[in-house]
Amino acid sequence: MKIITLLNEKGGTGKSSLTVNLACGLAIAGYRVIVLDTDMQANATTAFNLQKEPLFHDFIKRGAPIQDVVRPVAKAQVIGEGFALKGALWVIPGNDE
């Protein structure tokens, strides 16, 4: 298992955009990827067109089981026409708490 963390205190630096593109690229390449969207605005969650409930906050602070908060990302959200999805991609949605 590998963990990649993208962090910057300043807003507007492209953290969510880079995360979404990197996660999609890794899933296309055959990796199984989970994105933990810790952004209060839930930009990565929104980029994958996912609901913001249940939330990362429920998983970390309230001890919700991971199967209750993790959301699969549809193949159409990961790749365009002509690409094969060899891996899988899930998101734990961000929140505003």
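When all heavy atoms of Ala44 and Asp37 are compared, the closest pair comes out as N-OD2, 3.3 Å. For the residue pair Ala27 and Ala88, the shortest heavy atom distance occurs at CB-O, 3.9 Å.
Atoms CG and CG, on Leu6 and Leu22 in that order, are 6.5 Å from each other to the nearest 0.5 Å. Ile92 contributes atom CD1, which lies 4.5 Å from atom CG of Leu36 (distance to the nearest 0.5 angstrom). Atoms OG1 and NZ, from Thr5 and Lys15 in turn, are 13.5 Å apart once rounded to the nearest 0.5 Å.
In the displayed structure, Glu9 atom CD is contacted under 6.0 Å by at most 12 heavy atoms of other residues, nucleotides or ligands.
Hydrophobic clustering (side-chain heavy atoms under 4.5 Å, transitive across Ile, Leu, Val, Met, Phe, Trp, Tyr) keeps Leu7 apart from Ile4.
In this structure, the side chains of Phe48 and Leu89 come closer than 4.5 Å at one or more pairs of heavy atoms.
Under a 3.5 Å cut-off, the side chain of Asn43 and the backbone N or O of Ser16 do not form any donor-acceptor pair.
Of the candidates Val70, Ile34, Thr45, Thr45 is the only one forming a side-chain contact (heavy atoms from CB on, under 4.5 Å) with Val91.
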